[in-house]
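Index from 1, following the sequence. Every value quoted in this text rests on a predicted model; they were computed, and no experiment measured them.
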Amino acid sequence: MKESLIEENGLYTLPLYQKVKFKGVFHILFLFIILLFIGFILIPGNEFTKVILNMGSLIFLVVFGYFWISTVFINKPYLIVTDKHLEYKWLFGHKIIKLDKIYQISFFVENGITKIGIWANDQSKPSFLEKIDRAFGRDYSVSIVVSSFQSIDFNKLRFTILSEIQSESIGVLLDEPDVIS
């Protein structure tokens, strides 16, 4: 699907499709971590502790390498908003929310990271990660990291979703949160 980000009357035209665009710092960090583990493997030695260190470094090298390659190339996160549903895929899950089920959209900051939270009356069985989130008091259906999608203005996206919900003449009470500029 071709990426689309077209504005009309101050709102995005639907369907909206965007893939995550990672910053260079993300790639540099993972390259540094991978090179660090390669460096541990290349340290000479024949002792038993060195063999254990090499095996541990190799395991972490494979894990971080797989995570980096799958996030950047294979399993790239995306966001799709149509006139009927919102679909968000990230490395650890996939969520489709019908727009008529959304009852709140707001911005929040968690551990210094700005996110947009979407609350919906969701009837699907919660995933393991959603159960963990709810155990810690996070009751949103999905949260999207704002900095992941650099080309999307999330205030506009929020207003686009709200206008789409209201154009469907659904009597849903929506919370008006603080707006991020």
Side-chain angles (χ1 to χ4, degrees), residues 16-23 25-27 29-30 32-34 36-37 56-82 84-162 164-166 168 170-181:
L16 174 108
Y17 175 74
Q18 284 291 297
K19 285 186 176 181
V20 170
K21 293 182 178 146
F22 294 106
K23 295 181 179 179
V25 174
F26 177 83
H27 300 293
L29 175 69
F30 271 92
F32 176 75
I33 291 171
I34 289 169
L36 185 72
F37 289 122
S57 296
L58 186 62
I59 289 170
F60 281 112
L61 174 69
V62 169
V63 168
F64 277 97
Y66 175 74
F67 180 74
W68 180 46
I69 289 177
S70 67
T71 302
V72 175
F73 301 110
I74 300 169
N75 201 10
K76 199 167 192 177
Y78 64 83
L79 174 69
I80 298 175
V81 181
T82 67
K84 301 286 184 211
H85 72 276
L86 177 138
E87 181 177 351
Y88 178 56
K89 181 186 170 298
W90 64 102
L91 186 61
F92 301 110
H94 179 254
K95 191 77 164 181
I96 298 175
I97 300 172
K98 291 183 179 178
L99 291 186
D100 60 355
K101 301 290 184 186
I102 294 175
Y103 63 88
Q104 181 181 351
I105 302 173
S106 68
F107 292 94
F108 64 95
V109 177
E110 187 175 67
N111 298 326
I113 300 172
T114 304
K115 299 179 179 183
I116 185 167
I118 300 173
W119 286 261
N121 295 325
D122 189 15
Q123 300 300 324
S124 65
K125 184 179 177 184
S127 68
F128 176 72
L129 292 174
E130 288 175 324
K131 288 178 183 178
I132 290 173
D133 279 345
R134 290 188 180 136
F136 285 108
R138 302 176 200 122
D139 60 343
Y140 44 75
S141 298
V142 70
S143 70
I144 303 170
V145 177
V146 171
S147 63
S148 295
F149 297 93
Q150 298 171 2
S151 58
I152 294 180
D153 179 357
F154 275 89
N155 280 326
K156 252 184 225 173
L157 179 64
R158 180 178 162 269
F159 289 129
T160 302
I161 293 171
L162 292 176
E164 192 63 38
I165 292 171
Q166 291 172 354
E168 293 290 325
I170 300 170
V172 178
L173 179 62
L174 297 169
D175 183 28
E176 287 295 323
D178 296 332
V179 177
I180 298 173
S181 57

Calculate, to the nearest 0.5 Å, the distance between atoms [atom1] and [atom2] belonging to [X] and [Y] respectively.
X    : Y    : atom1 : atom2 : result
I116 : F154 : CD1   : CZ    : 6.5 Å
E164 : I102 : CD    : CD1   : 10.5 Å
S57  : I34  : OG    : CD1   : 13.0 Å
L79  : Q18  : CG    : CD    : 8.0 Å
I161 : I105 : CD1   : CD1   : 4.5 Å
F64  : I69  : CZ    : CD1   : 14.0 Å

Output all residues satisfying side-chain contact (heavy atoms from CB on, under 4.5 Å) with [X], sequence neighbours left out; order by chain, then residue number.
X    : answer
L58  : I41, L61
S148 : V20, V145
K76  : K19
V72  : F22, F26, H27, W68

* Asked: Less than 4.5 Å apart, any side-chain heavy atom of I96 and any of L86?
  -> no

* To do: State, yes or no, whether a side-chain contact exists between H94 and Y78 at a heavy-atom distance under 4.5 Å.
  => yes

* Grab the two heavy atoms, one from I97 and one from A120, that are nearest each other, plus how far apart they are. => CG2-CB, 3.5 Å

* Asked: Taking the inter-plane angle between the rings of Y88 and W90 on a 0 to 90° scale, is it parallel (under 30°), tilted (30 to 60°) or perpendicular (over 60°)?
  -> parallel

* Who passes side-chain hydrogen bond (donor to acceptor under 3.5 Å, both in side chains) against K95, sequence neighbours left out? -> D122, E130

* Which pairs count as salt bridge (charged side-chain N to carboxylate O under 4.0 Å, His left out) when at least one residue sits in residues 102-114, sequence neighbours excluded? -> E110-K115, E110-R138

* Tell me, yes or no, whether the heavy-atom count around Y66 atom OH, taken from other residues, nucleotides or ligands under 6.0 Å, exceeds 12. => no

